[in-house]
S.K.: 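To start, I am sharing the structure in question, which I have written as structure tokens.
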Amino acid sequence: MYIGFDTSNYTTSVALFDGKNAVQNKKLLSVKSGEKGLRQSDAVFQHTVNMPDLLSGIVDEKMQFNAVAVSSRPRNIDGSYMPCFLVGVNSAVSFSKACACTLYKTSHQVGHILSALYSADRLDLINDTFIAFHVSGGTTEALLVTPDDNEIIKARVIAQSTDLKAGQAIDRVGVMLGLDFPCGPELDLLAQNSEKQFKIKSSMKGLDCSLSGVENKARKMIDDGASNEDVAKFVISYIDETIALMTERIISHYGNLPLIYAGGVMSNSIIQKHISEKFNAYFAKSEFSCDNAVGIAIYAYLKDKNDSNNRITS
């Protein structure tokens with residue numbers, strides 16, 4: 001059995017993986033009505049409160065663990081840091097010492113990618129080169145992912161939003177419309193009830209995109225009396241068309257590599273339907289697309305397996 005810990009800015013999560021099947025236990029952090037997010041100190045406090053209950057709800061005292069893994073930072077790059085991940089690290093360190101098993105550290109982003117691959121039944125892609133989109137509240141990036149002996153997979157950013165992230169745009173407009181943060185699921189439902197069709201002109205510079213105009217245009221629509229449904233449809237349509245255009249340009253530049261989409265924004269029904277019709281792509285199911293620790297538990301399994309093979313061959 002393998003266990004993973006992830007304490008992102010908005011979700012406390014713990015997951016188990018036995019080499020084939022994964023189970024998870026997670027809790028969304030509370031954000032006050034009308035607020036657009038959480039301060040790191042508030043996130044750290046809520047993670048600290050949530051973790052014992054989540055662990056007791058998923059771990060049986062009879063279980064024996066081979067390895068533990070944790071997301072210690074947002075991405076595997078120098079300078080990537082958020083205090084909220086310290087709660088997961090501290091929990092994982094304590095757990096590994098208690099069960100006398102190896103502790104591995106990776107990034108939140110690697111967890112997203114592995115969780116999406118698991119959900120799409122394509123974990124085999126860790127041995128190949130592929131394109132992964134990570135689209136969430138804190139990240140709107142396309143990554144060139146390659147196998148790596150040390151990190152299992154190495155993800156290099158090849159395209160991104162140069163300003164506002166897709167999830168930020170959704171949440172900011174959702175709060176304008178009076179929705180509860182995070183606003184993705186409610187905005188999705190509103191957009192489905194609009195029959196309006198929008199002609200979108202995405203703001204692009206090479207492979208990168210800009211999403212800062214979405215918030216301003218949505219605010220103007222609200223001021224002009226547009227319905228909540230139409231405003232929601234516009235925001236989703238803009239992000240959808242932008243991601244599609246990024247994908248087209250990436251394929252043109254890097255070739256027809258496998259495509260995997262991860263992150264909370266990619267669980268949107270409208271975006272997922274359009275992208276899947278346009279490209280031969282893989283998506284994580286909703287429970288594996290939003291923040292979760294499943295990919296982190298899978299990382300523990302893959303690292304343990306990799307290290308065991310290296311010990312045998314050496």
Side-chain angles (χ1 to χ4, degrees), residues 1-18 21-31 37-38 40 42-60 63 65 67-76 80-96 98-99 103-120 123 134-139 152 167 171 181-182 184-185 262-267 284-303:
M1 188 68 72
Y2 300 85
I3 187 168
F5 294 81
D6 184 79
T7 51
S8 73
N9 207 34
Y10 296 107
T11 307
T12 315
S13 44
V14 182
L16 304 179
F17 186 64
D18 63 3
N21 301 305
V23 294
Q24 61 174 315
N25 204 8
K26 62 182 181 178
K27 184 175 182 179
L28 197 65
L29 304 189
S30 299
V31 179
L38 281 174
Q40 281 290 296
D42 293 333
V44 167
F45 174 77
Q46 290 193 47
H47 283 312
T48 303
V49 172
N50 292 343
M51 188 60 73
D53 288 339
L54 293 180
L55 269 175
S56 63
I58 200 171
V59 173
D60 189 292
M63 290 177 178
F65 292 89
V68 179
V70 60
S71 55
S72 61
R73 53 183 177 171
R75 295 181 291 173
N76 279 339
S80 182
Y81 170 77
M82 289 179 76
C84 58
F85 288 101
L86 289 174
V87 179
V89 170
N90 291 339
S91 300
V93 169
S94 299
F95 195 95
S96 68
C99 70
L103 171 67
Y104 298 108
K105 295 180 181 180
T106 187
S107 71
H108 179 71
Q109 188 169 74
V110 166
H112 262 298
I113 296 170
L114 292 178
S115 181
L117 292 176
Y118 165 78
S119 177
L123 271 174
H134 180 194
V135 188
S136 65
T139 306
I152 302 298
D171 288 328
F181 183 97
V265 173
M266 297 313 303
S267 64
K285 295 177 182 177
S286 180
E287 62 267 33
F288 301 111
S289 189
C290 300
D291 289 349
N292 66 87
V294 169
I296 307 300
I298 292 170
Y299 182 83
Y301 162 76
L302 294 172
K303 280 288 290 180

S.K.: What residues, two or more places apart in sequence or in another chain, satisfy salt bridge (charged side-chain N to carboxylate O under 4.0 Å, His left out) together with R73?
M.R.: none
S.K.: Could you go step by step and tell me if V294 and F17 meet the side chain to side chain contact (heavy atoms under 4.5 Å, CB included) rule?
M.R.: CA-CA 7 Å; V294 169; F17 186 64; 5.8 Å; no
S.K.: With the side chain counted from C-beta on, respond yes when D18 and N21 share a heavy-atom pair under 4.5 Å apart, and no when they do not.
M.R.: yes
S.K.: Is it true that Q109 and N76 share a donor-acceptor pair across their side chains at a distance under 3.5 Å?
M.R.: no
S.K.: Below 4.5 Å, heavy atoms only, C-beta onward: do L302 and L114 meet side chain to side chain?
M.R.: yes
S.K.: Could you grab the distance from atom OH of Y301 to atom OH of Y104, nearest 0.5 Å is fine?
M.R.: 12.5 Å
S.K.: Looking at K26, I'd like to know if its NZ atom is crowded, meaning that more than 12 non-hydrogen atoms belonging to other residues, nucleotides or ligands lie closer than 6.0 Å.
M.R.: yes
S.K.: Just by distance, do the side chain of S289 and the backbone of M266 share a donor-acceptor pair under 3.5 Å?
M.R.: no
S.K.: Does the pair L29 and N50 meet the rule for a side chain to side chain contact (heavy atoms under 4.5 Å, CB included), with working shown?
M.R.: CA-CA 9 Å; L29 304 189; N50 292 343; 3.4 Å; yes
S.K.: Counting C-beta onward and ignoring hydrogens, is there a side-chain heavy-atom pair between I152 and K303 closer than 4.5 Å?
M.R.: yes
S.K.: Can you tell me how far CZ of F5 sits from CG of L55, rounded to the nearest 0.5 angstrom?
M.R.: 4.5 Å
S.K.: S13 and N292: side-chain donor and acceptor closer than 3.5 Å?
M.R.: no
S.K.: Could you check S72 against F85 for side chain to side chain contact (heavy atoms under 4.5 Å, CB included), going step by step and ending with a plain yes or no?
M.R.: CA-CA 5 Å; S72 61; F85 288 101; 5.6 Å; no
S.K.: Can you say whether the rings of H108 and H134 are parallel (under 30°), tilted (30 to 60°) or perpendicular (over 60°)?
M.R.: tilted
S.K.: Could you walk me through whether L54 and I58 pass the side chain to side chain contact (heavy atoms under 4.5 Å, CB included) test, one step at a time?
M.R.: CA-CA 7 Å; L54 293 180; I58 200 171; over 6 Å; no
S.K.: From Q24 CD over to F288 CZ, what is the distance, rounded to the nearest 0.5 angstrom?
M.R.: 5.5 Å
